[in-house]
Amino acid sequence: MTGIVIVAHTPIASSMLNFVEHTFGSLPERVRAVDIPPHEDTKASFDRVMKAAYGVNSGNGVLILTDVMGATPANVASKIELLGPLSGLNAPIIVLAGLNLPMLMRCISHRGEDLEGLAQKALAGGQNGILRLGTKVNQD
């Protein structure tokens, strides 16, 4: 089973994990959240994300979901992906930015997929979960 790590600005990651518990009735195995507080040293953030990745890794890969591309959580997660085999995880890693609740729900629901398949499901869930509700506003 693919491991999932949610890495985001405080308190987004833990809130997302709380949402999963609320929606599914319990916390799934091999899912962790890492909140990155303001002004935390990036080395400390990196170490905490690595610890979470080790905690969810079963050898089938780790999917890291992060909130905003270019921000500290995504940068830390990307460093882990760039390390690849040097990370010591002995499993492939994929990082996706732009986390939203539909993306996370898709990930939890399709955890039996291989890492690449799960990443594709996550991307589709995130994109398809963005909808306009209501009617068009006329501006005359």
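Just so it is clear, the model here is predicted, and its values are computed rather than measured.
Considering all non-hydrogen atoms of both residues, H110 and K121 come closest at ND1-CE, 3.9 Å. Taking each heavy atom of G55 and R32 in turn, the nearest pair found is O-NH2, 3.4 Å. Nearest heavy atoms, G61 versus N57: N-OD1, 4.3 Å. The minimum heavy-atom distance linking V7 with I36 is given by the pair CG1-CG1, 3.9 Å. Scanning both residues, P102 and G125, for their nearest heavy atoms gives CB-O, 3.4 Å. A pairwise comparison of heavy atoms in G70 and N75 identifies O-ND2, 3.2 Å as the closest pair.
Residues V34 and I12 are members of separate hydrophobic clusters, defined by side-chain heavy-atom contacts under 4.5 angstrom among Ile, Leu, Val, Met, Phe, Trp and Tyr. Taken together through direct or relayed side-chain contacts under 4.5 Å among Ile, Leu, Val, Met, Phe, Trp and Tyr, L27 and L65 form part of one hydrophobic cluster. Side-chain heavy atoms closer than 4.5 Å link hydrophobic residues (I, L, V, M, F, W, Y) into clusters, and following such links, even through other members, never connects I64 to L99. In the hydrophobic clustering of ILVMFWY residues, with side-chain heavy atoms under 4.5 Å counting as a link, L104 and M69 come out apart. Hydrophobic clustering, with ILVMFWY side chains joined whenever heavy atoms are under 4.5 angstrom apart, groups I93 together with M50.
Inter-residue side-chain proximity for V20 and P28 is flagged as met; some heavy-atom pair is nearer than 4.5 Å. Using a 4.5 Å cut-off on side-chain heavy atoms (C-beta onward), V49 and I80 make contact. A heavy-atom distance below 4.5 Å is not found between the side chains of V31 and F24. Annotation: side chain of T66 is not in contact with side chain of V76 (no heavy-atom distance under 4.5 Å).
With rounding to the nearest 0.5 Å, the separation of CE in M16 from CE in M103 is 9.0 Å. Between I4 atom CD1 and L118 atom CG the span is 5.5 Å, to the nearest 0.5 Å. Here the CG atom belonging to N60 is positioned 12.5 Å from the CD atom belonging to E113, to the nearest 0.5 angstrom. Here the straight-line distance linking atom CD of E40 with atom CZ of R48 works out to 4.0 Å at 0.5 Å rounding. Considering CG of N90 and OH of Y54, their distance stands at 7.5 Å, rounded to 0.5 Å. Here the straight-line distance linking atom CD of E21 with atom CD1 of I108 works out to 11.5 Å at 0.5 Å rounding.
Under the rule for a side chain to side chain contact (heavy atoms under 4.5 Å, CB included), the partners of A119 that lie at least two apart in sequence or sit in another chain are L63, I94, L96.
Side-chain N or O atoms of D67 include none that pairs as donor or acceptor with a backbone N or O of A8 at under 3.5 Å. The main-chain N or O of T2 is never found under 3.5 Å from a side-chain atom of R30 such that the two would form a donor-acceptor pair.
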Query raised in the report: Taking it one step at a time, do K51 and D47 satisfy salt bridge (Lys or Arg N to Asp or Glu O under 4.0 Å)?
Result: CA-CA 6 Å; K51 182 178 178 181; D47 291 344; over 6 Å; no
